Student: 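Quick one: this structure, given as structure tokens, is what I'll be asking you about.
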Amino acid sequence: MARNKYPEQTIEKILNVAQKLFLEKGFDQTTIQDIVDGLEGMTRGAVYHHFKSKDEIMEALINRMFLEHNPFDELRNRSDLNGLQKLKLAVTLNQSNQEGIRISEQALPLLQNPRILAGMIESNRRNLSPLWLELMQEGIADGSIQTAYAKELSELLPLLEIWLMPTVYPASPEEMIHKFIFISDMLTKMGLPLFDEEMVSSTIQQQLHRLAEK
């Protein structure tokens, strides 16, 4: 077999086709053969050379979506914002990434895909928590944040995203509203007033809209 001189391009093609299929058909309804059929002559063996399973493809997609739409990169050099303002804007930018949200939702139910859940938690621990911590420390230095729990909060925030997923922790729209209010109150008491009333209201409306679409 001829050696692939451009493995990165091959991986990108696989991920592009898989992303399209996951969004159109859903994760559970998409097979590896569906992905192979969409790759214009690429063999099943070529796909398995790069990814051992469909779950592994989904993990790579989630990581790629974060790297492509990483809100922290856009904020790191903003000299017109203090640390707290950067954190608030990071939340807003992340919520506006609708395609990323849909991809993450297709990875569900996470409880039936524990490998994806474990991969998501590990990716958050390795990539996301340090970025939260960096901006929190900036906010502590400029006085916009007063907390003694920066490291703990940087590790907790990505886990709260999983807690808010209704397919992991089932919740009615009313219960989801209560969860957001709880998170806002808890973070404020911990010295991180991340959600003001406008952000809580906006987040609730977005979540209710997504629930209504299902």
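Note that the structure is a prediction, hence the values are computed from the model and not measured. Note that these values count all heavy atoms, side chains included, but never hydrogens, waters or copies made by symmetry.
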Student: Taking everything shown except Lys88 itself, do over 12 heavy atoms lie less than 6.0 Å from its NZ?
Tutor: yes
Student: Where do Pro158 and Ser129 come nearest, in terms of heavy atoms and distance?
Tutor: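 It is CG-OG, 3.7 Å.
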Student: Which is it for Val17 and Met42 under the side-chain contact (heavy atoms from CB on, under 4.5 Å) test, yes or no, and what are the steps along the way?
Tutor: CA-CA 12 Å; Val17 169; Met42 191 178 298; over 6 Å; no
Student: State, with a plain yes or no, whether a side-chain heavy atom of Asp142 is found less than 4.5 Å away from one of Gln85.
Tutor: no
Student: Under 4.5 Å between side-chain heavy atoms, hopping through other hydrophobics if needed: is there a path connecting Leu156 to Leu133?
Tutor: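 No; tracing contacts between hydrophobic side chains, which count when under 4.5 Å, never links both residues.
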Student: So among His50, His49, Glu12, which one has a side-chain contact (heavy atoms from CB on, under 4.5 Å) with Pro7?
Tutor: His50
Student: Just by modelled atom types, is the Ser184 backbone N or O under 3.5 Å from a matching donor or acceptor in the Thr188 side chain?
Tutor: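 Yes, Thr188 side chain to Ser184 backbone: donor-acceptor pair under 3.5 Å.
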Student: Between CD1 of Ile35 and CG of Asn16, what distance do you get to the nearest 0.5 Å?
Tutor: 11.5 Å
Student: Evaluate the side-chain proximity of Met176 to Leu164: yes if any heavy-atom separation is below 4.5 Å, no if none is.
Tutor: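 In contact.
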Student: Can you tell me how far the CG atom of Asn127 sits from the CD atom of Glu122, to the nearest 0.5 Å?
Tutor: 8.5 Å
Student: List the atom of Arg76, the atom of Leu131, and the distance in Å for their closest heavy-atom pair.
Tutor: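 Nearest heavy atoms, Arg76 then Leu131: NH2-CD2, 3.1 Å.
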Student: Taking Lys54 for the side chain and Thr30 for the main chain, is one N or O donor matched with an acceptor at less than 3.5 Å?
Tutor: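 Flag set: sc Lys54 to bb Thr30 pair under 3.5 Å.
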Student: Are Glu175 and Lys179 within salt-bridge range, i.e. N to O under 4.0 Å?
Tutor: no
Student: Walk me through whether Ser53 and Asp55 qualify under side-chain hydrogen bond (donor to acceptor under 3.5 Å, both in side chains).
Tutor: CA-CA 5 Å; Ser53 67; Asp55 286 356; 5.0 Å; no
Student: Are the side chains of Tyr48 and Ile32 in touch, meaning some heavy atoms are under 4.5 Å apart?
Tutor: yes
Student: Check whether any side-chain heavy atom of Glu161 lies under 4.5 Å from a side-chain heavy atom of Asn124, and answer yes or no.
Tutor: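 The answer is no, as the side chains (C-beta and beyond) never meet within the 4.5 Å cut-off.
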Student: Using a 4.5 Å cut-off on heavy atoms from C-beta on, say whether the side chain of Trp132 contacts that of Leu87.
Tutor: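 A side-chain contact exists here, since the closest heavy-atom pair is under 4.5 Å.
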Student: So, taking the atom named NZ in Lys13 and the one named CD in Glu8, what distance separates them when rounded to the nearest 0.5 Å?
Tutor: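 Result: 12.5 Å between the selected atoms.
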Student: NZ of Lys86 to CD1 of Ile145: how many Å apart, nearest 0.5 Å?
Tutor: 11.0 Å
Student: Let me confirm one number: the CG-CD distance from Leu84 to Glu138, rounded to the nearest 0.5 Å.
Tutor: 11.0 Å
Student: Do the side chains of Leu15 and Ile57 get nearer than 4.5 Å, heavy atoms only?
Tutor: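 In short, these two side chains touch, coming nearer than 4.5 Å.
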Student: Between Ile183 and Leu194, is there a side-chain heavy-atom distance shorter than 4.5 Å?
Tutor: no
Student: Just checking, any donor-acceptor pair under 3.5 angstrom between side chains of Thr31 and Asp34?
Tutor: yes
Student: Do the side chain of Ser154 and the main chain of Lys151 share a donor and acceptor less than 3.5 angstrom apart?
Tutor: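 Present.
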Student: Is Glu134 close to Phe72 at the side-chain level, that is, under 4.5 Å between some pair of heavy atoms?
Tutor: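 When only atoms from C-beta onward are counted, Glu134 and Phe72 do not touch, as no gap falls below 4.5 Å.
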Student: May I ask you to check whether over 12 heavy atoms, not counting those of Glu40, lie within 6.0 Å of atom CD?
Tutor: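 Not more than 12 within 6.0 Å, no.
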Student: Calculate, to the nearest 0.5 Å, the distance between atoms CG and CG belonging to Leu192 and Leu187 respectively.
Tutor: 5.5 Å
Student: If you take all heavy atoms of Met58 and Phe22, which pair is closest and at what distance?
Tutor: CE-CD1, 3.7 Å
